[in-house]
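Start at 1 with the first residue, then count along the sequence.
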Amino acid sequence: MEKKRINHNKLTLVILVILLITVLGMIIKISAKIKKQDNIAKTEIKNEISGKKAKTSSELDWQLMLVNPENKLPDNYEITLENIDEYRKFDSRAIQYLKNMIDDMRKQQAGGIWVQSSYRSVEEQTKIYNNKVQYYKNMGKRTEEAKRLTEEIISRPGYSEHNLGLAVDFNYVNNSFESTKEFEWLKQNAEDYGFVLRYPKEKENITKMSYEPWHWRYVGEENAKKMRSLGVCLEEYIDYIS
């Protein structure tokens, strides 16, 4: 009787091992299939964008120009600006998309929207940056610490998207903007006009910038829609299609 029980236990153990191996095999196959499908989708997007780029490379180049704490605006970069209003300017190639977006938001009565800040020259950025550094120094911070604190919220001259002419700050520049109807509308519709939330909360470790719900960047409609679909920021998107 004892021998039969031992044999039964051995048989059960063998069956369990076979089942475990089978399940692991299925998991490996499913994982490989998912990875293959992801690679196919990634290749399709890269090929689609590459094909588009071959036709209109200059267009995509300026739309996806990366300016961040690690990538400075090229010294020879030139843009043609047009007025949004009496004081604010934007890249002439994208300004109509910005105006259309603002007009449509107002027509749909999605709150009151206005452009608080847009293009800034490097000279103006230098002044804003230095003033903030001095503010922290006046609080007793050493120069290096003052610069570090400043760069959490203000980019160095030449490293700001505002110097690029494709970034816009809406309404009041504070995090309360994320609780407004305007922000909710932008989250749902901005991609249709080629704009993306440039510094998402969950991407701070990648953008190296604090979350800014008011700061939106023009990248072109096709790119904006793909970025939202993939759930990536501009740095990730550029790596993805490279």
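In this structure, Lys187 pairs ionically with Glu184, as a charged nitrogen and a carboxylate oxygen lie closer than 4.0 Å. A salt bridge links Glu152 with Arg148: at least one charged nitrogen is closer than 4.0 Å to a carboxylate oxygen. Glu123 has no carboxylate O lying under 4.0 Å from a charged side-chain N of Lys127, or vice versa, which leaves the two without a salt bridge. Between Glu236 and Lys203 there is a salt bridge, since a side-chain N of the basic residue sits under 4.0 Å from a carboxylate O of the acidic one.
Taking hydrophobic clusters as Ile, Leu, Val, Met, Phe, Trp and Tyr residues chained together by side-chain heavy-atom distances below 4.5 Å, Leu166 shares a cluster with Leu197. Each of Phe170 and Ile128 belongs to its own hydrophobic cluster when Ile, Leu, Val, Met, Phe, Trp and Tyr are linked at side-chain heavy-atom distances under 4.5 angstrom. At a threshold of 4.5 Å between side-chain heavy atoms, the hydrophobic network of Ile, Leu, Val, Met, Phe, Trp and Tyr places Trp185 and Val115 in one connected group. No chain of hydrophobic side-chain contacts below 4.5 Å, direct or via other Ile, Leu, Val, Met, Phe, Trp or Tyr residues, connects Met209 to Ile238. Residues Ile206 and Val67 are members of separate hydrophobic clusters, defined by side-chain heavy-atom contacts under 4.5 angstrom among Ile, Leu, Val, Met, Phe, Trp and Tyr.
Not a single donor-acceptor pair under 3.5 Å links the side chain of Lys141 to the backbone N or O of Asn138. No donor-acceptor pair under 3.5 Å is formed between the side chain of Arg217 and the backbone N or O of Val168. Checked by atom type and distance alone, the side chain of Thr180 pairs as donor or acceptor with a backbone atom of Phe177 at under 3.5 Å. Side-chain N or O atoms of Ser118 include none that pairs as donor or acceptor with a backbone N or O of Arg88 at under 3.5 Å.
Put simply, CD on Glu222 and NZ on Lys225 are 10.5 Å apart, with the number rounded to the nearest 0.5 Å. Between atom CG of residue Asp91 and atom CH2 of residue Trp62 there is a gap of 5.5 Å, rounded to the nearest 0.5 Å. Here the CG-OH distance, from Leu64 to Tyr237, works out to 6.5 Å after rounding to the nearest 0.5 Å. Leu81 CG to Tyr119 OH: the interatomic distance, rounded to the nearest 0.5 Å, is 5.5 Å. Summarising the geometry, atom CD belonging to Gln134 is positioned 10.0 Å from atom OG1 belonging to Thr150; distances are rounded to the nearest 0.5 Å. Atom CD of Glu161 and atom CZ of Arg120 lie 11.0 Å apart (nearest 0.5 Å).
Among pairs with a residue in residues 121-164, those fulfilling ring pair (Phe, Tyr, Trp, His ring centres under 6.0 Å) read His162-His215, at least two apart in sequence or across chains.
With sequence neighbours left out, Tyr172 forms a ring pair (Phe, Tyr, Trp, His ring centres under 6.0 Å) with Trp114.
Here the side chains of Glu82 and Phe90 are not in contact, with every heavy-atom distance at 4.5 Å or above. The shortest distance between side-chain heavy atoms of Leu186 and Met101 falls below 4.5 Å.
Under the 3.5 Å distance criterion, with hydrogens and angles disregarded, no donor-acceptor pair is assigned to the side chains of Asp104 and Gln108. There is no side-chain donor-acceptor pair under 3.5 Å between Trp214 and Gln116. With hydrogens and angles left out, the side-chain atoms of Asn68 and Asn71 include a donor and acceptor closer than 3.5 Å.
Below 30°, between 30° and 60°, or above 60°: for Tyr97 and Tyr218 the angle between ring planes is below 30°, a parallel geometry.
Within 6.0 Å of the NZ atom in Lys147, the count of heavy atoms belonging to other residues, nucleotides or ligands does not exceed 12.
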